[in-house]
Amino acid sequence: MDWLTLFEMQEQLDKRIQSEHNLTGNQFDERLLALLVELGELANETRCFKFWSTKGPSAQVTILEEYVDGVHFLLSLGLSLDYRKNEFVEGDYYLTATDAFLDVYNKTNVFAISRTEQSYDVLIGAYLALGATLGFTQEMIFKAYVAKNEANHVRQDNGY
């Protein structure tokens with residue numbers, strides 16, 4: 001996956017939002033909370049934790065769109081700390097989606113506290129492993145990110 005292209009696209013979107021909304025600072029805490037909210041929305045679409053329900057998961061395209069919402073905030077967090085690279089190592093395979101979500105939450109908390117590049121890399125790796133657990137290839141993620149990034153620019157055009 002061409003991470004540098006994704007970082008560049010996210011940087012353009014972030015700068016646009018920063019400018020159009022007259023923001024100062026890097027909004028690290030807001031971006032972090034947004035990532036956690038998106039992770040919860042993603043889990044909700046998979047329904048992997050809803051042992052009490054017989055209803056199945058949302059369509060795979062819906063789950064992928066929620067997944068790339070998280071990618072947007074992961075990239076944005078990296079940019080806010082000037083972490084940018086073109087390669088991340090996918091984390092270990094998970095037996096269940098629930099295990100994957102819990103691990104990403106845990107690694108997000110470690111990153112929130114330490115804010116180190118190493119903890120960021122580990123978080124990205126865990127998020128990629130979550131994506132693989134959900135059945136997404138890096139090519140699928142890249143294409144979905146590009147489409148969602150374009151949609152986010154249109155949202156800004158329309159006063160989102």
Side-chain angles (χ1 to χ4, degrees), residues 1-43 45-46 60-94 100-101 103-160:
M1 185 151 46
D2 185 357
W3 284 97
L4 291 180
T5 295
L6 297 182
F7 276 112
E8 288 172 22
M9 292 175 69
Q10 188 64 46
E11 185 173 40
Q12 290 174 6
L13 180 61
D14 287 355
K15 284 181 177 179
R16 179 179 181 184
I17 291 168
Q18 190 101 16
S19 173
E20 291 180 9
H21 295 271
N22 298 312
L23 300 173
T24 58
N26 70 14
Q27 290 77 42
F28 182 88
D29 290 341
E30 289 80 3
R31 294 170 203 269
L32 187 66
L33 180 56
L35 172 62
L36 291 169
V37 169
E38 293 299 340
L39 189 58
E41 289 178 4
L42 174 61
E45 294 296 339
T46 70
Q60 193 74 344
V61 67
T62 301
I63 295 170
L64 179 57
E65 186 172 310
E66 288 296 338
Y67 180 86
V68 298
D69 285 347
V71 173
H72 272 84
F73 287 107
L74 283 167
L75 291 167
S76 193
L77 281 161
L79 289 167
S80 76
L81 297 173
D82 202 27
Y83 299 155
R84 182 190 313 228
K85 56 196 290 189
N86 197 36
E87 188 175 328
F88 293 95
V89 176
E90 186 174 298
D92 293 334
Y93 175 78
Y94 298 103
F101 278 107
D103 194 44
V104 172
Y105 272 112
N106 287 332
K107 286 179 171 54
T108 302
N109 288 330
V110 169
F111 172 64
I113 294 165
S114 70
R115 299 185 187 192
T116 66
E117 192 167 0
Q118 180 183 5
S119 64
Y120 180 71
D121 290 355
V122 169
L123 172 56
I124 296 280
Y127 202 77
L128 287 171
L130 168 62
T133 301
L134 297 175
F136 305 137
T137 65
Q138 290 193 19
E139 180 181 349
M140 292 168 68
I141 295 166
F142 184 87
K143 288 179 180 178
Y145 174 88
V146 170
K148 188 62 182 264
N149 188 275
E150 290 172 10
N152 284 339
H153 278 286
V154 170
R155 285 177 165 179
Q156 291 301 309
D157 291 341
N158 295 319
Y160 181 75

message = To check you understand the geometry: which heavy-atom pair defines the closest contact between S80 and F28, and what is its length?
response = OG-CD1, 3.5 Å
ask   = Minimum heavy-atom separation for S114 to S119, with atom names?
value = OG-OG, 2.8 Å
request  = Could you pull out the closest heavy-atom pair between A126 and D103, with the gap in Å?
outcome  = CB-OD2, 4.0 Å
query = Going through the checks in order, is the ring pair (Phe, Tyr, Trp, His ring centres under 6.0 Å) test met by F136 and F142?
reply = CA-CA 10 Å; F136 305 137; F142 184 87; over 10 Å; no
message = Check whether Q60 reaches the backbone of L134 with its side chain - one donor and one acceptor, N or O, closer than 3.5 Å.
response = yes
Inter-residue atom distance T137.OG1 - M1.CE, 0.5 Å rounding = 9.0 Å
ask   = Please walk me through it: do R84 and E8 pass salt bridge (charged side-chain N to carboxylate O under 4.0 Å, His left out)?
value = CA-CA 9 Å; R84 182 190 313 228; E8 288 172 22; 5.8 Å; no
Pairing of R115 and D29 as salt bridge, 4.0 angstrom limit = yes
inquiry  = Test side-chain contact (heavy atoms from CB on, under 4.5 Å) on L13 and H72; report intermediate values, then the result.
reply    = CA-CA 10 Å; L13 180 61; H72 272 84; 4.0 Å; yes
message = For the CG atom on D82, are there more than 12 heavy atoms of other groups (residues, nucleotides or ligands in this structure) within a distance under 6.0 Å?
response = no
inquiry  = Determine whether F101 and T46 satisfy the following criterion, side-chain contact (heavy atoms from CB on, under 4.5 Å), listing intermediate values before the conclusion.
reply    = CA-CA 11 Å; F101 278 107; T46 70; 3.8 Å; yes
CA sep, side-chain torsions, deciding dist, call: N86, D2, side-chain contact (heavy atoms from CB on, under 4.5 Å) = CA-CA 6 Å; N86 197 36; D2 185 357; 3.3 Å; yes
ask   = Would a 4.5 Å heavy-atom cut-off, applied to side chains only, mark V110 and L123 as touching?
value = no
ask   = T116 and L81: side-chain contact (heavy atoms from CB on, under 4.5 Å), yes or no, with the steps?
value = CA-CA 9 Å; T116 66; L81 297 173; over 6 Å; no
Distance flag, aromatic centroids of Y145 and Y67, threshold under 6.0 Å = no
remark   = Heavy atoms of L79 and F7 approach each other most closely as CD1-O, 3.7 Å
remark   = Distance col, row L77:CG vs L32:CG, nearest 0.5 angstrom, shows 6.0 Å
ask   = At what distance, to the nearest 0.5 angstrom, does CG of D92 lie from OG1 of T133?
value = 10.0 Å
key: Heavy-atom neighbours of E30 CD exceed 12 at 6.0 Å   = yes
query = Between R31 and D14, does at least one N-O distance fall below 4.0 Å, as a salt bridge requires?
reply = yes
ask   = Does Q118 offer a backbone N or O that forms a donor-acceptor pair with the side chain of Y83 under 3.5 Å?
value = no
ask   = How many angstroms lie between atom CE of M140 and atom CG of L64, to the nearest 0.5 angstrom?
value = 5.5 Å
ask   = Taking all non-hydrogen atoms of both residues, which atom of V71 and which atom of Y127 are closest, and how far apart?
value = CG2-CE2, 3.8 Å
request  = Mark yes or no: K85 above the aromatic ring of F88, with NZ or CZ under 6.0 Å from the six-membered ring centre and no more than 45 degrees from the axis.
outcome  = yes
ask   = Looking only at atom types and distance, does a side-chain atom of S19 sit under 3.5 Å from a main-chain N or O of K15, one as donor and one as acceptor?
value = no
task = Indicate yes or no for a side-chain donor-acceptor contact from E38 to the backbone of V68 under 3.5 Å, with no hydrogens or angles considered.
result = no
ask   = Say you draw a straight line from CD of E41 to OG1 of T62; how long is it, rounded to the nearest 0.5 Å?
value = 12.5 Å
remark   = For T108 and L36, the nearest pair of non-hydrogen atoms, with its separation, is CG2-CD2, 3.6 Å
key: Reported CD-to-CD distance for the pair E45 and E66, which is rounded to 0.5 angstrom   = 5.0 Å
